[in-house]
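Okay, so here's the structure we're looking at.
Every value quoted in this text rests on a predicted model; they were computed, and no experiment measured them.
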Amino acid sequence: MRTFRHAKLMASTLRTLLAERGASIGHAESLEIVARQFGLRNWNILAARIAAAERQETPAALPKGWSIAGTTPGNYAIGLDAAQSSRTEKIVAISCLFSSHDPDAARIQNGFGTLMQAIDARPFIGKRLRFSALLKTRDVPGHATIWMRVDDKAPDTILFDNLMSRPADGALTGTSDWTARQIVFQIP
């Protein structure tokens with residue numbers, strides 16, 4: 001099955017099939033048509049998506065025990081920032097692959113990418129568990145945050161906080177320097 005990465009081949013096939021039927025279109029026009037078939041405004045946006053996907057093929061390393069998740073993780077480059085990390089301090093970067101000036105920015109912002117770790121909460125029953133991190137943002141149109149969730153055996157979520165509803169010390173937006181955030185749960 002062809003995907004958006006096959007756009008140039010699809011455009012060539014379109015031109016060939018139309019020519020066989022006596023209709024002629026140029027290469028640029030066929031690329032524009034293929035972009036529209038993927039729900040995008042033009043070829044430039046599709047070309048940027050293809051380039052971003054190719055950059056993602058060699059993902060950055062992740063901290064041990066962590067994984068990438070979210071509703072649209074493919075829209076983000078997520079991994080250890082080798083230039084910023086040291087032997088004792090690991091810095092993870094989560095970068096949107098598309099500009100907030102992209103015509104499809106609203107659709108991109110409706111999804112999210114995250115780095116997560118799942119642990120067994122049983123050793124923490126009756127104890128307080130704290131998750132803390134330093135966050136730094138640059139030109140974030142949506143929100144940058146940490147989150148923590150505790151599920152029971154069902155699995156039903158019994159505790160959840162992503163800082164989004166906090167009036168103070170909540171999720172970050174825009175540009176900010178290193179900012180401490182934390183979530184503390186009393187594990188039932």
Side-chain angles (χ1 to χ4, degrees), residues 4-5 40-41 44-121 123-124 127-151 157-187:
F4 71 96
R5 292 180 187 220
L40 302 171
R41 288 191 187 175
N44 291 334
I45 295 170
L46 180 53
R49 301 260 168 107
I50 293 168
E54 288 169 355
R55 285 191 304 273
Q56 275 293 94
E57 287 178 353
T58 308
L62 298 176
K64 186 177 179 182
W66 292 76
S67 61
I68 295 172
T71 58
T72 56
N75 287 346
Y76 300 87
I78 302 173
L80 287 170
D81 185 336
Q84 301 283 332
S85 295
S86 69
R87 219 175 125 200
T88 57
E89 183 177 74
K90 302 298 181 201
I91 296 177
V92 173
I94 300 177
S95 304
C96 185
L97 296 173
F98 307 107
S99 164
S100 60
H101 303 295
D102 185 321
D104 295 324
R107 186 170 59 83
I108 292 166
Q109 290 175 23
N110 288 335
F112 70 96
T114 188
L115 187 65
M116 64 176 274
Q117 181 181 57
I119 62 169
D120 186 352
F124 304 101
K127 298 179 182 175
R128 288 170 45 115
L129 187 61
R130 176 190 324 266
F131 174 46
S132 62
L134 293 172
L135 304 175
K136 182 176 182 179
T137 60
R138 186 177 67 224
D139 301 327
V140 173
H143 297 91
T145 189
I146 60 172
W147 62 279
M148 188 162 63
R149 183 179 83 200
V150 177
D151 297 336
T157 300
I158 54 176
L159 296 170
F160 177 80
D161 188 359
N162 65 359
L163 310 181
M164 297 295 287
S165 61
R166 293 186 183 190
D169 297 326
L172 302 176
T173 190
T175 300
S176 67
D177 202 354
W178 291 108
T179 305
R181 290 293 183 259
Q182 69 175 352
I183 298 169
V184 179
F185 283 153
Q186 180 71 33
I187 308 299

>> Quick check: closest heavy atoms across R149 and F185, and the distance to 0.1 Å?
In response: N-CE1, 4.2 Å

> Which pair of heavy atoms, one from I187 and one from A121, lies closest together, and at what distance?
Replying inline: CG2-O, 4.3 Å

> Are any of the side-chain heavy atoms of F160 and M148 separated by less than 4.5 Å?
Replying inline: no

>> Quick check against the 3.5 Å criterion: does T173 have a side-chain atom that pairs as donor or acceptor with the backbone of H143?
In response: no

>> I'd like to check I146 versus L163 (side-chain heavy atoms, cut-off strictly below 4.5 Å). Are they in contact?
In response: yes

>> If I compare all heavy atoms of I78 with all of L62, which pair ends up nearest, and what's the gap?
In response: O-CD2, 3.8 Å

> Which atom pair, heavy atoms only, marks the closest approach of L80 to P63?
Replying inline: CD2-CG, 3.9 Å

> Do any N or O atoms from the side chain of T179 and from the backbone of D177 form a donor-acceptor pair under 3.5 angstrom?
Replying inline: yes

> Between the main-chain N or O of A69 and the side-chain N or O of T114, is there a donor-acceptor pair closer than 3.5 Å?
Replying inline: no

> Passes side chain to side chain contact (heavy atoms under 4.5 Å, CB included), K90 versus V92? Steps please.
Replying inline: CA-CA 7 Å; K90 302 298 181 201; V92 173; 5.6 Å; no

> Is V140 close to T175 at the side-chain level, that is, under 4.5 Å between some pair of heavy atoms?
Replying inline: no

>> Just verifying a value: how many Å separate I119 CD1 and F124 CZ, rounded to the nearest 0.5 Å?
In response: 4.5 Å

> For L129 and V184, what are the C-alpha separation, side-chain angles and deciding distance, and is it a side chain to side chain contact (heavy atoms under 4.5 Å, CB included)?
Replying inline: CA-CA 6 Å; L129 187 61; V184 179; over 6 Å; no

> Any side-chain heavy-atom pair from M116 and S67 closer than 4.5 angstrom?
Replying inline: yes

> Do any pairs count as a side chain to side chain donor-acceptor pair (under 3.5 Å) and have a residue in residues 160-170, sequence neighbours left out, and if so which ones?
Replying inline: D161-R166

> Are R130 and Q182 close enough that a side-chain donor and a side-chain acceptor fall under 3.5 Å?
Replying inline: yes

>> A side-chain contact here means heavy atoms from C-beta on lying under 4.5 Å apart; do I91 and E89 qualify?
In response: yes

> Going through the checks in order, is the side-chain hydrogen bond (donor to acceptor under 3.5 Å, both in side chains) test met by S176 and T137?
Replying inline: CA-CA 5 Å; S176 67; T137 60; 2.8 Å; yes

>> So does L135 get a backbone contact from the side chain of R181, meaning a donor-acceptor N/O pair under 3.5 Å?
In response: no

>> Show, in sequence, the C-alpha distance, side-chain angles and deciding distance for T157 and V150, and conclude whether the side chain to side chain contact (heavy atoms under 4.5 Å, CB included) test is met.
In response: CA-CA 6 Å; T157 300; V150 177; over 6 Å; no

>> Just verifying a value: how many Å separate Y76 OH and I94 CD1, rounded to the nearest 0.5 Å?
In response: 9.0 Å

